Amino acid sequence: LVPAFMFIVIKCLCGFCAVNLYAIIDELFTGKGISEHYFCPLNPPMNKPKKKQAAKSQPKNLWEDTRFVYFVLFAILAVYFIIYKTTAQFELVDWDDNGYIKTNADVQSLSNWKLYFQHYYMGNYHPLTTLSWAINYAFSGLGGKGYHLTNVFLHGCNIVLVFVFIRQLFLRYDIALFSAAAFALH
């Protein structure tokens, strides 16, 4: 009864079959476009004249050219890494690094990895972050270079994820690039 009621509500509010709603949601997340087999026979797609396909279509503007878009994304990442690479020369700070890393005996040995999932450190529970600190400690000790470069790398990965997420959300490269640039330099 409930699924039938939901189907009727969706049909009345949206003006198309629930199968079509599935197709639109699928297209948003996969970016593949809506194929004809998704459409319900009770509500067929509008008959549109078929377009003649050119041998090779050229993008109408630069934002549709994926090579240009990825070049701009690479440029954003390059500028980000150039700006933030200087953080590698800084040491750990005395604000919260003492409690999390310098005086934390659990972090100073990777054999304690099970404790990362059982303990709170400075009132916070973040076992994966603690594991990351332990790996950093194993490679660079108490020197800040490893910790800062790891943060720069992870933030760079997040810049790419922001680009991908916003591109999937809005289906536009220009908005995705602007969002990635704003996130990179915030």
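All values reported here derive from a predicted model rather than from experimental measurement.
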Beyond-backbone contact of [X] with [Y], side-chain heavy atoms, under 4.5 angstrom:
X      : Y      : value
Val107 : Tyr100 : no
Tyr173 : Leu73  : no
Leu131 : Ile135 : yes
Val160 : Leu77  : yes

Taking a hydrophobic cluster as the set of Ile, Leu, Val, Met, Phe, Trp and Tyr residues connected by side-chain heavy atoms closer than 4.5 Å, whether directly or through intermediates, do [X] and [Y] fall within one such cluster?
X      : Y      : value
Val164 : Phe74  : no
Ile101 : Leu128 : yes
Trp113 : Phe139 : yes
Leu62  : Val72  : yes
Phe183 : Ile82  : no

Taking all atoms of both residues into account, what is the closest heavy-atom pair of [X] and [Y], and its distance?
X      : Y      : value
Ser140 : Gly146 : OG-CA, 3.8 Å
Ile159 : Ala184 : CD1-CB, 3.3 Å
Leu110 : Ala138 : CD1-CB, 4.0 Å
Leu171 : Gln168 : CD2-O, 3.8 Å
Ala181 : Ile76  : CB-CD1, 3.8 Å
Leu149 : Ala88  : CD2-CB, 3.7 Å

Report task. From the options Thr129, Asp106, Asp96, Thr130, select the one residue that forms a side-chain hydrogen bond (donor to acceptor under 3.5 Å, both in side chains) with Tyr121. Result -> Asp106
Query raised in the report: Just checking, is any N or O donor in the side chain of Asn98 or Thr103 under 3.5 Å from an acceptor N or O on the other one?
Result: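 Looking only at side-chain atoms, Thr103 and Asn98 do not form any donor-acceptor pair under 3.5 Å.
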Query raised in the report: Tyr147 and Asp97: side-chain donor and acceptor closer than 3.5 Å?
Result: no
How long is the straight-line distance from [atom2] of [Y] back to [atom1] of [X], given to the nearest 0.5 Å?
X      : Y      : atom1 : atom2 : value
His119 : Asn104 : NE2   : CG    : 9.5 Å
Glu91  : Leu142 : CD    : CG    : 9.0 Å
Thr86  : Phe81  : OG1   : CZ    : 13.0 Å

Requested in this report: Check the pair Leu154 / Thr150 against side-chain contact (heavy atoms from CB on, under 4.5 Å), numbers first and verdict last.
Outcome: CA-CA 6 Å; Leu154 291 174; Thr150 300; 4.0 Å; yes
Within a reach of under 6.0 Å around [atom1] of [X], are more than 12 heavy atoms found that belong to other residues, nucleotides or ligands?
X      : atom1 : value
Phe178 : CZ    : no
Tyr125 : OH    : yes
Lys102 : NZ    : yes
Phe90  : CZ    : yes
Phe117 : CZ    : yes

Relative to each other, are the rings of [X] and [Y] parallel, tilted or perpendicular (30° and 60° limits)?
X      : Y      : value
Tyr80  : Tyr84  : tilted
His186 : His155 : tilted
Phe163 : Tyr70  : perpendicular

Query raised in the report: Is the backbone N or O of Ile175 less than 3.5 Å from a side-chain atom of Ser179, with the two atoms forming a donor-acceptor pair by type?
Result: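 Checking the backbone N and O of Ile175 against the side chain of Ser179, a donor-acceptor pair under 3.5 Å is found.
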**Report entry** Verdict with reasoning, Asn151 to Thr87, per side-chain contact (heavy atoms from CB on, under 4.5 Å)
**Finding:** CA-CA 10 Å; Asn151 286 340; Thr87 61; over 6 Å; no
Query raised in the report: With sequence neighbours left out, what residues match Tyr116 under ring pair (Phe, Tyr, Trp, His ring centres under 6.0 Å)?
Result: none
